[in-house]
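Scroll down for the structure; my scribbles are underneath it.
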Amino acid sequence: MLVTLCTTLLACSDANSPKHLTPSKAKPDPYTIRFVTINSPSTYFIDSQNNYAGLEYDLAKRFVAFLGEPYKLEFIVVDNFAKVFPTLLKGDADIAAADISITAARKRQVLFGPAFNQVQSMVVYNRDKNSEPNQADALLQKRIVLPKSTSFVERMRELQSKVPALTWKETEKLSSEQLIEAVARNEIDFTVADNHLVAIMQYNYPQLDAGMMLGPADKIGWALNKLHGEARLKQVQAFFKQIEKDGTLRNLLDRYHGHTKRLKPVDVTTFLSKSQTLLPKYVRLFKSAQEITDIDWRLLAALSYQESHWDNYSTSPTNVRGLMMLTEQTSNMMNVTDRLDPKQSVMAGAKFLLWMKDRIPARIPEPDRTFMTLAAYNNGVGHLEDARIIAQKLGLNPDSWADVKRGYQLLNDPAYYVNTKHGYCSCGAPVIYTELVRSYYQIMQKYFPAYDPGVDPYKIAEMQMPWLLAKAS
């Protein structure tokens with residue numbers, strides 16, 4: 001998910017077709033909302049499908065849609081956080097959306113919209129090279145580097161007022177992600193970062209860990225220029241009020257951060273090791289399955305790892321077997337003659353996953369539809385539908401994975417499951433299953449490139465699953 005930081009300014013004339021643009025000093029178009037941001041997993045990046053993504057990007061896109069015609073969206077991506085506020089204060093941007101902590105010092109400079117997230121500043125260290133820094137004395141005489149002009153610097157200054165011997169360096173050249181990577185490579189001893197970013201980076205570098213917290217938790221919000229931001233602030237306030245009420249905000253937070261604490265460092269280390277030793281034997285099979293189903297081979301590999309840890313001979317006490325841990329019923333449906341045959345197992349598992357997805361309403365947006373498909377693969381589409389109905393009865397969104405998770409968790413409560421079609425379910429399992437597959441998939445996207453077969457894949461879904469219809473007849 002991480003991308004190389006931009007050294008140019010990016011912009012998009014609308015939410016779907018970003019273009020390169022250099023900010024102009026001409027009088028801005030009042031109907032073009034200019035957002036200044038940075039590249040990071042928490043803000044704005046290009047995902048593995050070459051689409052623009054990120055929590056701040058998705059929020060900005062929805063804000064402009066909330067305003068309606070003739071408003072347009074423009075992104076200005078600066079190459080480090082230290083340039084965010086100057087860009088806003090010079091009038092080159094209308095809103096700063098860059099995972100910005102709301103601090104007392106910043107309130108004196110800018111207006112802030114409603115807080116929409118909360119983060120905790122943590123000292124990041126490499127457990128293979130340093131002991132856990134759980135008190136200020138552990139930071140003395142260490143190589144500490146912080147991104148300049150961030151709230152992390154403010155937190156360290158607060159600590160320095162109590163421990164005058166504490167020193168560090170500040171840089172404009174490296175982002176928080178790059179500094180965390182420097183800690184992982186033992187080029188520096190410590191940096192400071194938000195707990196959400198640390199959790200994401202631990203999936204790539206399991207030797208990383210978070211030590212002491214610096215100060216209280218920070219709230220995150222959009223910043224606006226005080227000189228001409230009052231009217232825009234009212235629009236921002238109305239927008240966040242609506243998306244908090246209708247569940248959109250909850251869904252977006254879950255999309256980017258809901259799965260990031262499922263894996264322990266040892267889980268990541270084991271996964272990365274097996275991706276080098278076991279996965280190469282099956283990569284071709286997963287890619288062949290992608291050609292047939294158009295499901296990203298990396299998602300199939302992540303699902304397979306969660307099922308069997310890529311152990312072709314894996315067998316559960318309930319007699320599900322093979323790389324994709326197929327039941328006898330699923331194997332019969334897919335014409336599998338040998339569940340321990342890797343080729344048959346991977347192809348059947350991929351087709352079955354696609355069959356499950358085809359039974360879930362197409363109106364459900366991605367990636368929520370894929371998340372629900374994973375849950376159904378684990379526990380059946382019946383319990384998924386029960387969970388969606390419960391979510392709807394609770395006034396939640398049955399098309400949002402973040403809300404359906406709540407429905408799943410209530411399927412072991414007689415106050416709820418007695419009125420469902422499929423009854424009781426210990427349905428914390430499919431939720432955990434789905435989040436683990438999401439986590440492994442995220443790691444796969446970091447370390448393995450997407451596969452493009454070079455031709456339009458044969459999409460079974462568009463053919464209404466003829467192989468299954470033939471079997472049924």
Side-chain angles (χ1 to χ4, degrees), residues 23 28 33-38 40 42-44 54-60 62-64 66-67 75-78 80-123 146-162 166 168 170-172 175-176 191-197 213-245 249 252-253 257:
I33 313 299
R34 302 166 300 166
F35 283 83
V36 58
T37 192
I38 56 173
S40 86
S42 299
T43 56
Y44 179 97
L55 178 59
E56 298 281 22
Y57 172 77
D58 281 350
L59 286 170
R62 283 164 174 76
F63 175 61
V64 172
F66 168 80
L67 295 180
F75 262 96
I76 301 169
V77 183
V78 294
N80 65 73
F81 188 86
K83 296 180 180 178
V84 170
F85 279 95
T87 302
L88 178 68
L89 296 175
K90 286 189 300 182
D92 290 337
D94 302 297
I95 299 174
D99 207 20
I100 300 171
S101 296
I102 302 173
T103 67
R106 289 172 177 170
K107 283 183 177 180
R108 292 192 288 268
Q109 289 184 297
V110 299
L111 297 171
F112 275 103
F116 61 84
N117 200 5
Q118 182 169 292
V119 296
Q120 176 65 59
S121 296
M122 312 286 292
V123 176
L146 309 177
K148 190 174 181 179
S149 301
T150 60
S151 60
F152 312 133
V153 175
E154 293 183 39
R155 294 300 187 201
M156 285 291 279
R157 286 174 181 165
E158 292 170 2
L159 184 61
Q160 188 184 50
S161 67
K162 303 173 184 177
L166 179 62
W168 64 88
E170 299 174 24
T171 178
E172 289 187 357
S175 66
S176 286
T191 189
V192 179
D194 290 335
N195 59 318
H196 291 318
L197 181 58
M213 297 184 293
L214 291 186
D218 288 327
K219 294 182 177 180
I220 302 297
W222 285 351
L224 297 86
N225 194 317
K226 280 188 173 183
L227 295 179
H228 45 75
E230 292 287 352
R232 188 75 69 214
L233 178 61
K234 292 180 180 179
Q235 295 173 326
V236 170
Q237 291 168 336
F239 166 68
F240 277 101
K241 182 177 180 180
Q242 175 175 302
I243 66 170
E244 186 170 3
K245 182 178 179 180
L249 178 59
L252 288 175
L253 290 172
H257 300 300

**Request:** Report yes or no: do Gln235 and Arg232 form a side-chain donor-acceptor pair below 3.5 Å?
**Result:** yes
**Whether over 12 other heavy atoms sit under 6.0 Å from Gln237 CD** =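 Yes, because the 6.0 Å sphere around CD of Gln237 holds more than 12 heavy atoms from other groups.
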**Request:** Count the heavy atoms belonging to other residues, nucleotides or ligands that lie under 6.0 Å from NZ of Lys226, then report whether that count exceeds 12.
**Result:** yes
Counting C-beta onward and ignoring hydrogens, is there a side-chain heavy-atom pair between [X] and [Y] closer than 4.5 Å?
{"X": "Arg106", "Y": "Ser151", "result": "yes"}
{"X": "Val36", "Y": "Asp92", "result": "no"}
{"X": "Ile95", "Y": "Phe63", "result": "yes"}
{"X": "Asn80", "Y": "Lys148", "result": "no"}
{"X": "Glu172", "Y": "Ser149", "result": "no"}
{"X": "Val78", "Y": "Ile38", "result": "yes"}
{"X": "Leu55", "Y": "Phe116", "result": "yes"}

If you look at every heavy atom in [X] and [Y], which pair is closest and at what distance?
{"X": "Gly113", "Y": "Ile102", "answer": "O-CD1, 4.3 Å"}
{"X": "Val84", "Y": "Ala96", "answer": "CG1-CB, 3.7 Å"}
{"X": "Pro216", "Y": "Gln120", "answer": "C-OE1, 3.6 Å"}
{"X": "Ala98", "Y": "Thr43", "answer": "C-CG2, 3.7 Å"}
{"X": "Gly229", "Y": "Leu111", "answer": "C-CD1, 3.9 Å"}
{"X": "Pro147", "Y": "Thr191", "answer": "CD-OG1, 4.3 Å"}

**Request:** Could you label the plane-to-plane angle of the Phe239 and Trp222 rings as parallel, tilted or perpendicular, counting under 30° as parallel and over 60° as perpendicular?
**Result:**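 Ring orientation, 0 to 90° scale: parallel.
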**Request:** Anything under 30° is parallel, anything over 60° is perpendicular, the rest tilted; go ahead and classify Phe81 against Phe85.
**Result:** perpendicular
**Request:** May I ask you to decide whether Arg155 forms a salt bridge with Glu158, counting only side-chain N to carboxylate O separations under 4.0 Å?
**Result:**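 The answer is yes: the pair qualifies as a salt bridge.
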Rounded to the nearest 0.5 Å, how far does [atom2] of [Y] lie from [atom1] of [X]?
{"X": "Arg34", "Y": "Leu88", "atom1": "CZ", "atom2": "CG", "result": "9.5 Å"}
{"X": "Ile243", "Y": "Leu249", "atom1": "CD1", "atom2": "CG", "result": "4.5 Å"}
{"X": "Glu56", "Y": "Leu252", "atom1": "CD", "atom2": "CG", "result": "10.5 Å"}
{"X": "Leu197", "Y": "Ser121", "atom1": "CG", "atom2": "OG", "result": "11.0 Å"}
{"X": "Phe112", "Y": "Ile100", "atom1": "CZ", "atom2": "CD1", "result": "6.0 Å"}
{"X": "Gln118", "Y": "Asn195", "atom1": "CD", "atom2": "CG", "result": "9.0 Å"}

**Prompt:** Would Trp168 and Phe152 satisfy side-chain contact (heavy atoms from CB on, under 4.5 Å), going step by step from the backbone distance to the final call?
**Reply:** CA-CA 11 Å; Trp168 64 88; Phe152 312 133; over 6 Å; no
**Prompt:** Judged by atom type as modelled, is there a donor-acceptor pair below 3.5 Å linking the side chain of Ser40 to the main-chain atoms of Ser42?
**Reply:**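 Yes.
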**Item:** Pair His196-Asp99, side-chain contact (heavy atoms from CB on, under 4.5 Å): steps then yes or no
**Value:** CA-CA 11 Å; His196 291 318; Asp99 207 20; over 6 Å; no
**Request:** Please step through side-chain contact (heavy atoms from CB on, under 4.5 Å) for the pair Leu59 and Arg62, ending with a clear verdict.
**Result:** CA-CA 5 Å; Leu59 286 170; Arg62 283 164 174 76; 5.7 Å; no
**Request:** Test Asn225 against Asp94 for side-chain contact (heavy atoms from CB on, under 4.5 Å), laying out the working first.
**Result:** CA-CA 7 Å; Asn225 194 317; Asp94 302 297; over 6 Å; no
